[in-house]
Amino acid sequence: MDRSLRNVLVVSFGFLLLFTAYGGLQNLQSSLYSEEGLGVAALSTLYGSVLLSSMLLPPILIRRFGCKWTIVGSMCCYVTFSLGNFHASWYTLIPTSILLGLGAAPLWSAQSTYLTVMGNAHAQEVSKLGRDVVNQYFGIFFLIFQSSGVWGNLISSLVLGQTPTQEAKPEENFEYCGAKDCLLVTLPTNSTHRPSQELIYTLLGIYTASGVLAILLIAVCLEAREDSASQGEAETKAPPFLLTLLSTFRLFRDKRLCLLVLLPTYSGLQQGFLSGEYTRSFATCVLGIHFVGYVMICFSAASALCSLLFGKLSQYTGRRAIYVLGAATHLSCILALLLWRPRSSQMAVFFLIPGLWGVGDAVWQTQNNALYGILFEKNKEAAFANYRLWEALGFVMAFGYSSFLCVSVKLYILLGVLVLAMVTYGTVEYLESRSPDRNPSFKTEDEPPGATLKPLVFRVDKTTPKVVQSVLLERGWDKFDEQERNVEDWNLYWRTSSFRMIEHINIKPWQRLNHHPGTTTLTRKDRLARHLQRMRRMYGAALYEFVPETFIMPSDYTKFIAEYFREKQTRGAKHGYWICKPAELSRGRGIMIFSDIKDLIFSDAYIVQKYICNPLLVGRYKCDLRLYVCVTGFKPLTIYVYKEGLVRFATEKFDLHDLKNCYAHLTNSSINKSGVSYEKIKEVVGRGCKWTLSRFFSYLRNGDVDDLLLWQKINHMVILTVLAMAPSVPFAANCFELFGFDILIDDNLKPWLLEVNHSPALSLDCSTDVSVKRKLIHDIIELICLNGLRSEGKESRKAASGNPDPLFSRGARRGRGGPHTHLPYGSLLRFTGRTHSRTSPATEKAVSTCPTRPRTTQLRETANGQDLLLSSREAPKIKASLRGRRTPGPTLIPYVTLTQPHPCRTKSPPSVPDTGPEPDPQAGSFTLIFPFNEATSGASRNGLDVRRIIQELQKLVSKRHPHAPGSGAKRRRRALRTQGERQVQHLLPAAQQHMV
Ligand code: ADP
């Protein structure tokens, strides 16, 4: 059984045990403690505190303790309630009810969050749609959970059934049972036969034990799996409960929500009626308390089975038919209860009514949730909070007026609310059908998909990462199928291996490839070393000091020997350390670290590199950064760096005395995930072997490290590295390249480039991977769509079909694309920004460098009716703007730091020798780092002027850091070292520094 399913089962059985106890107990409250209405008072207090806690507690607790421990804590509140029942009085039941109520909302929110996180993570692994797996997990959960009603009530009936059989009561004693029950007279009915205290204790003992078992099951067997994205956010943002609260109420501006409040209210009222009134005034009054359990089993069983059935059925019948069925069932039940004079001889009716009630209840449970989810997709957290609020209010009302009103009045209230709820629901359906634009997915539920815009199409092969497929499907793209489609009918081809040159040549304007030809020269270790050595020779070693000294074997063997002995002489007894890496392999395969040359073994293509033996340690563990860089074009050169990334840790403590221990010296997760310490909680690092980059930077900030300076250095390094290979890359249109830069930070906070990966790993091994890589793919799609993918696709299709395209003209009207939009090849040029014809200098000067195009994907996905999918994600950031250096939180704005003053703010008229648009400064979390000013933009357009670009970079560096390379490198290094040492002292325990 896979891990995530096991966790779903653990949660489900935990809830089953807990609610077996609590459900049974709740149904007995009104019957057991009917004196002075204590039972129902306890229940209404309970739901009152649910109401309060659902507004405030869940987000805070889940963020603070994680889902698992929130569930455990909340379950403890439930058990306290069982304990309170052992000595039932106003002083025990009311406080424990409040506690239970406070625990209820966090319990349910944590459960939903946990299942959603698990479902999404699993969907990534098996390349399915997230919502499908999440639905499936909820289905499993509810099937198991709903049966708790059966077990809890069965236990209560079996235990209480041991009450000595009462002699049959005369019929007239039942006169005041049923709808006529006004709680005004103490009836000499079966209800007065309170079970013996011993039986009650036995029952409470069983319930308490079941609750404790539930807690143990969750605490011991449930894997703590949190949404690392929200964890990361939690570290940096203020707790958003006030925001949640605000957004819960702000949603009332939507009149659909106002109209719908009666649905959840009715749901609360009807559940409250059945467990509070029906159990007392019908079942207990006529049959006796020991029948309550059996009666409620019918309700729970019908509700569980019908929930499953209606979930499926609504796909065929549509939601409205199911609502009509639910309303009709409850309506007839209410009327029957009003008219019925219950008698003990009519046993079947006592079971039939709760069974039918369960059918109706299943409608409210399944359809209400689905309706809220669909209507308020963009604000679903607030909408669900709202839903719970009104439902809790329904419960409070039901239990609140329980001891004051006659059952018949309560039935009339139910009837009234039901009718009103149906009328308002009908109004919402009507409004929605009249306003298809408002929510396209609402409309499509009952209607066949209309002739709206065709989705974009992606093409894959067997090497395509699963996460890419699932993200594209989630965004509403179609998968290319050779059998069904024209061979050219796709928009994006994503695969791990490079494309053949012929595939690049045959590319169509509406198509994109995820590789650029010739980029592997940067990603083979020996070739990268060669490129960088050449750059060092041409532009000075100081500029490229971020590369550890490297020798390419076997050609550099003699040079290495000379260097080895030279160093040995200067260092004396102190060891120097080297690392030997196969040029073509990855994932740490074939790597060895040595200090003594006699340990050096290599065959063909290897590199020997200076081993950075003073890495920055986090809790004594070595780490390196995986930075994602997307080059959307080489001519002109356009580089984006991804703000988020991964930090990969070794899983054993760094120790230079043990060079053979790959778990201490290599940070590849492919190695470390099989280490014995992987699952252990490691000092500072915690469990596993990965952090997000933002978590790492916030850790640095907490140690008072100048993370922004570090980020700038990393960006310079990226630009200088890409510049090393850019001139040798052939021109190719409509492609992009995602690189994975591996960067090691030493204890002087100096970044070192270890290697550049082609097709960086996109497998999802842990929740950190899920949160980083999924969004990464989303943002790459943003990036390529910003570069005109949709308009090109539509344009070519339009040309082929001759159909006018409303979306396209809308996009064009909004100024998207400009003159290029009408030329198929124009868009191709726009993607790479390449221009064949030069305009006059005057025109060049007039071209603004400030990008103004709107977000293409937003236009596209809205028009496709998939804005709901997109909207659940973080909206693309606004253009990078000049901000203070120390922004709160991990937001890093490298473009700005590199480019002050920002091109958009430049006072002098911008001069770009090109009519093509400037690249967008931001797409999702991708930030443009090159070109970083007009000069570099110009220097990269008409043949890459590397020297000019490097001069600009040096100018920028020396302006910002007067002691930068080229202007007193030694002094700068010294300053950096002292600064770094000072900063690192905050981070590293003394022992760790000693070891380093
Ligand atoms: P691979 O492609 O096999 O992953 P890398 O060059 O990325 O090869 O090296 C693997 C790991 O070895 C890195 O993640 C890093 O932890 C460590 N490493 C590589 N080169 C050095 C170096 N020069 N100094 C210190 N550690 C290094």
Side-chain angles (χ1 to χ4, degrees), residues 496 520 522-529 531-533 544-553 556 560 563-564 567 575-595 600 602 605-618 620-629 645-656 658-675 685 689-691 693 696 717 721 739-748 750-763 765 995-996:
T496 300
T520 45
L522 203 58
T523 56
R524 248 188 78 131
K525 293 182 182 69
D526 50 353
R527 290 195 201 150
L528 174 69
H531 275 303
L532 294 173
Q533 279 169 0
Y544 280 85
E545 62 172 2
F546 57 81
V547 196
E549 195 174 4
T550 308
F551 299 90
I552 300 162
M553 299 295 181
D556 286 345
F560 167 66
E563 176 58 24
Y564 174 83
E567 195 197 64
H575 288 295
Y577 296 91
W578 300 88
I579 183 166
C580 177
K581 309 191 261 191
E584 267 188 303
L585 290 187
S586 60
R587 289 181 273 140
R589 287 171 294 176
I591 291 184
M592 57 167 296
I593 301 160
F594 64 95
S595 163
L600 170 64
F602 67 90
Y606 268 72
I607 59 160
V608 173
Q609 198 171 60
K610 197 90 205 80
Y611 186 63
I612 310 298
C613 56
N614 61 332
L616 174 67
L617 303 183
V618 174
R620 303 197 200 183
Y621 293 90
K622 177 176 170 177
C623 61
D624 74 354
L625 318 185
R626 163 57 58 87
L627 192 80
Y628 297 101
V629 172
L646 295 171
V647 178
R648 304 160 323 156
F649 288 95
T651 45
E652 285 183 21
K653 288 175 186 158
F654 186 70
D655 181 1
L656 282 175
D658 183 7
L659 296 180
K660 294 218 157 33
N661 186 354
C662 61
Y663 301 111
H665 291 278
L666 305 187
T667 50
N668 303 79
S669 30
S670 48
I671 291 179
N672 284 289
K673 72 182 178 192
S674 59
V685 175
C689 69
K690 277 182 197 167
W691 276 10
L693 202 57
F696 176 72
M717 174 199 286
T721 307
F739 293 110
F741 276 63
D742 288 351
I743 296 163
L744 188 126
I745 315 288
D746 71 15
D747 63 0
N748 291 321
K750 173 179 168 149
W752 294 91
L753 178 71
L754 298 186
E755 69 156 344
V756 180
N757 291 278
H758 180 260
S759 287
L762 291 173
S763 57
D765 296 331
M995 198 179 286
V996 174

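Atoms within each ligand, like the ligands themselves, are counted from 1 in listed order.
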message: Evaluate Trp578 against Glu567 for side chain to side chain contact (heavy atoms under 4.5 Å, CB included), listing each step before the verdict.
response: CA-CA 11 Å; Trp578 300 88; Glu567 195 197 64; 4.0 Å; yes
Which residue holds the protein heavy atom closest to [atom], what is that atom called, and what is the gap in Å?
| atom | answer |
| --- | --- |
| atom 16 (O) of ligand 1 | Thr667 OG1, 2.7 Å |
| atom 7 (O) of ligand 1 | Glu755 OE2, 2.9 Å |
| atom 10 (C) of ligand 1 | Asn668 OD1, 3.2 Å |
| atom 21 (C) of ligand 1 | Leu754 CD2, 3.5 Å |
| atom 3 (O) of ligand 1 | Gly588 N, 2.6 Å |
| atom 8 (O) of ligand 1 | Lys525 CE, 3.3 Å |

Would you mind telling me if ligand 1 is within reach of the side chain of [X], the backbone, both or neither, using heavy atoms under 4.0 Å?
| X | value |
| --- | --- |
| His665 | backbone |
| Ile579 | side chain |
| Ile612 | both |
| Lys622 | side chain |
| Asn757 | neither |
| Lys581 | side chain |

field: side chain to side chain contact (heavy atoms under 4.5 Å, CB included) between Phe546 and Ile743, intermediate numbers included
entry: CA-CA 10 Å; Phe546 57 81; Ile743 296 163; over 6 Å; no
In terms of atom number and element, which parts of ligand 1 are under 4.0 angstrom from non-hydrogen atoms of [X]?
| X | result |
| --- | --- |
| Asp624 | 13 (C), 14 (O) |
| Asp742 | 7 (O) |
| Leu666 | 11 (C), 12 (O), 16 (O), 17 (C) |
| Ile591 | 3 (O), 8 (O), 9 (O), 10 (C) |

Does any non-hydrogen side-chain atom of [Y] lie less than 4.5 Å from one of [X]?
| X | Y | answer |
| --- | --- | --- |
| Trp691 | Val618 | yes |
| Pro751 | Ile745 | yes |
| Leu659 | Tyr577 | yes |

task: Mind telling me whether Phe560 and Tyr564 have parallel, tilted or perpendicular rings, with 30° and 60° as the class edges?
output: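 Judged by the thresholds at 30° and 60°, the geometry between Tyr564 and Phe560 is tilted.
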Ring centre gap for Phe654 and His665 strictly below 6.0 Å: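 Ring-ring flag for Phe654/His665: true, centres closer than 6.0 Å.
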message: Does Asn672 form a side chain to side chain contact (heavy atoms under 4.5 Å, CB included) with Tyr621? I'd like the steps, not just the answer.
response: CA-CA 12 Å; Asn672 284 289; Tyr621 293 90; over 6 Å; no
query: Between Asp556 (side chain) and Phe551 (backbone), is there a donor-acceptor pair under 3.5 Å?
result: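 Answer holds: no.
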- prompt: Quick one: do Glu545 and Lys750 make a salt bridge, cutoff under 4.0 Å?
  reply: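 Result for this pair is yes, salt bridge flagged.
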query: So, for Phe696 and Cys623, which heavy atoms are closest and what is the spacing to 0.1 Å?
result: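 For Phe696 and Cys623, the tightest heavy-atom pair comes out as CE1-SG, 4.1 Å.
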message: Tell me the nearest of Phe649, Tyr611, Trp752 to atom 25 (C) of ligand 1, using heavy-atom distances.
response: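 Among Phe649, Tyr611, Trp752, the closest heavy atom to atom 25 (C) of ligand 1 belongs to Tyr611.
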